[in-house]
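Remember, it's 1-based here, ligands and their atoms both numbered in the order they're listed.
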Amino acid sequence: MVQFVYKKKRGFMNKYLQKVLNEVKNKDNTEKEYIQAVEEVLSTIEPVIEKHPEYEKIALLERMVEPERLISFRVPYVKDNGQTVVHRGFRVQFSSLIGPYKGGLRFHPSVNQSIMKFLAFEQIFKNALTGLPIGGGKGGSDFDPKEKSDGEIMRFCQSFMTELQRHIGQDVDVPAGDIGVGEREIGYLFGQYKRIKDIYEGGVLTGKGLSYGGSLARKEATGFGLIYFMREMLKHNGSQSLAGKTVTISGAGNVAIYACQKAAEYGAKVVAMSDSKGCIYDKDGINLDLIKQIKEERRGRISEYLEARPQAQYFARENEDSPIWNIKADIALPCATQNELTLNSAKKLVENGVIAIGEGANMPCTKEATEYLLANNILVAPAKAANAGGVATSAIEMSQNSMRYYLTFEEVDKKLDSIMVNIFNSCKNAAEEYNLGNNYVAGANIAAFTKLAKAMEAQGIV
Ligand code: NDP
């Protein structure tokens, strides 16, 4: 079997892939995150494209990299002090090949078209891996919910939904949360949707509160799912387990908190967590109840951890390399944001003896960092597969809404676990089929791409 090794400088051996990448780079030349996400996928599917020369005639790749629809809209709202402020809202409806568009909403000042498109593009592949009938989308706004009053958050969400409601529906497009959008924001968005549409359409949003249609275990799902994937990956690589391993987790949000909880349940010791300002190191193991109080209840800063645990240490972030990756760990879980783990950080982790990386956030490792980790035989659980537990459980929430029936926490968690096992096996099998060893980054892309390509061929030129 020929090994196709894509090198950024040399480019592809396959001319069709090179043509499509060049077109994206030319057309979307200001969208660096989007180009990065496309290049990452294309760089791993060369053996599949070689096997299917017929894809070029039907422009399969060109169709896969062009969103079905991209909506950009104005979101005005009034602040508590009476000032009107205008933000930009987005919804990228990237692909409905295998189900209604599905993907979260992000409220963060860094949101722009490139970030929305990269997230929506990756979501298509992630959703395909879940084995559930969900297409790919993403949305959000450059609005920053930090330090806003509840009233301001509510008015912003109502304004955002006043436009978004035209484009979504439980069989059309189903948003959920992401950075800056949690249960509170989903509640306000759902309330406004219901008010405008005059209908209780439970499945139009996921991540809802339990009192009006949410699913048990949705909050925990992405973090738990990441650890289930990690458990499988370690098991298949030298029968290792999480027990006794030292773990560092970036972020202190929804994904990070529940990854920390599940890792500790499996006997691992989580010694560090972070937020955008810096990280805390607690050599005795992070006190997660304290993190939940600071982050979930008070919406505070992670540095406040030291007030209750003065024996812990705080390292402020000084540049693009987060200090958390300087801390020695067996397993590192980037669970904050894109490109947060750089080549420098990857080198530091390898130097300190890391054995596995689990991507809880979307595209948290830069391309150079991923290449370096794989070249040094570090196990990498890629985001599209490893953090798919959240969207999979969102799909389970949609099913419960349709059935008008609720599953118990244990039932949802069991389904989540078996979905993560299946996702791991798909990545493993695809990597093995193409002689790629334990390169699950390539395995995930190939498994998802193969499924999507079949669906695209079957549906004709659309
Ligand atoms: P939250 O808003 O709950 O938490 C985000 C965390 O990341 C916070 O600790 C935040 O710190 C930190 N963070 C955000 N932006 C930056 C930045 N630019 N630099 C450094 N740190 C940053 O978000 P989630 O936990 O929901 O999402 C985290 C990641 O996981 C995202 O990449 C998201 O796309 C991905 N994901 C989430 C899923 C979900 O179900 N929630 C599902 C699949 C993927 P601070 O408070 O200081 O901003």
Side-chain angles (χ1 to χ4, degrees), residues 33 37 102-111 115-116 118-120 122-123 125-127 129-130 136 138-140 142 144-147 175-186 206-207 214-215 217-226 229 249-260 272-280 291-292 294-296 298-305 316-317 319-325 333-342 345 358-365 381-395 397 416 420:
E33 292 84 1
K102 179 90 196 82
L105 298 172
R106 176 176 292 190
F107 290 169
H108 193 272
S110 63
V111 162
I115 289 180
M116 292 287 98
F118 116 66
L119 288 164
E122 293 221 323
Q123 194 81 44
F125 293 81
K126 180 186 313 199
N127 293 2
L129 285 172
T130 66
K138 199 84 187 186
D142 55 3
D144 187 357
K146 280 204 200 84
E147 284 153 32
D178 190 77
I179 293 178
V181 178
E183 199 178 305
R184 172 182 59 169
E185 290 74 18
I186 293 290
T206 59
S215 171
R218 172 61 189 90
K219 186 170 72 170
E220 292 82 358
T222 310
F224 279 20
L226 171 65
F229 189 99
I249 305 181
S250 67
N254 174 259
V255 180
I257 285 176
Y258 292 97
C260 180
M273 291 182 82
S274 68
D275 62 18
S276 55
K277 301 275 186 264
C279 77
I280 44 150
I291 295 280
K292 285 184 180 174
I294 297 168
K295 285 292 177 182
E296 291 188 335
R298 304 209 299 265
R299 297 175 196 276
R301 306 308 310 170
I302 203 150
S303 52
E304 294 164 30
Y305 186 88
R317 185 186 188 126
N319 53 39
E320 59 160 11
D321 300 319
S322 170
I324 197 167
W325 311 127
L333 305 176
C335 295
T337 194
Q338 65 275 355
N339 291 328
E340 53 162 314
L341 202 159
T342 60
S345 303
E359 296 188 324
N362 286 310
M363 206 166 75
C365 297
K384 292 186 199 81
N387 73 25
V391 75
T393 308
S394 275
E397 180 176 335
L416 167 67
M420 297 314 295

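Residue S276 holds the heavy atom nearest to atom 45 (P) of ligand 1 of all those in S276, P334, P145. Comparing A176, A336, G104 against atom 12 (C) of ligand 1, the shortest heavy-atom distance belongs to A336.
For atom 15 (N) of ligand 1, the nearest protein heavy atom (residue, atom name, distance) is H108 NE2, 3.6 Å. Looking only at protein heavy atoms, the nearest one to atom 34 (O) of ligand 1 is D178 OD1, 2.6 Å. Protein heavy atom in closest approach to atom 24 (P) of ligand 1: V255 CG2, 3.9 Å. Nearest protein heavy-atom contact of atom 19 (N) of ligand 1 is T337 CG2, 3.6 Å. Remark: minimum distance from atom 27 (O) of ligand 1 to any protein heavy atom is reached at I179 CG1, 3.7 Å. Distance from atom 48 (O) of ligand 1 to its nearest protein heavy atom, with residue and atom name: K146 NZ, 2.8 Å. Given atom 3 (O) of ligand 1, the protein heavy atom at minimum distance is N254 N, 2.9 Å. Nearest protein heavy-atom neighbour of atom 40 (O) of ligand 1: T222 OG1, 2.7 Å.
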Point to revise | side-chain contact (heavy atoms from CB on, under 4.5 Å) between C260 and I291, intermediate numbers included | key: CA-CA 10 Å; C260 180; I291 295 280; over 6 Å; no
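Qualifying side-chain hydrogen bond (donor to acceptor under 3.5 Å, both in side chains) partners for N254, counting only residues two or more places apart in sequence or in other chains: none. Under the salt bridge (Lys or Arg N to Asp or Glu O under 4.0 Å) criterion, R301 pairs with D275, sequence neighbours left out.
Neither the backbone nor the side chain of E122 comes within 4.0 Å of ligand 1, counting heavy atoms alone. Contacts between R317 and ligand 1, counted as non-hydrogen atom pairs separated by less than 4.0 Å, involve the side chain only. Only backbone heavy atoms of C335 (N, CA, C or O) come within less than 4.0 Å of ligand 1; its side chain stays farther off. Of the heavy atoms in E340, none comes closer than 4.0 Å to ligand 1.
Note: no N/O pair closer than 3.5 Å links K277 and ligand 1 by distance alone. In terms of N/O distances under 3.5 Å, ligand 1 is approached by N362.
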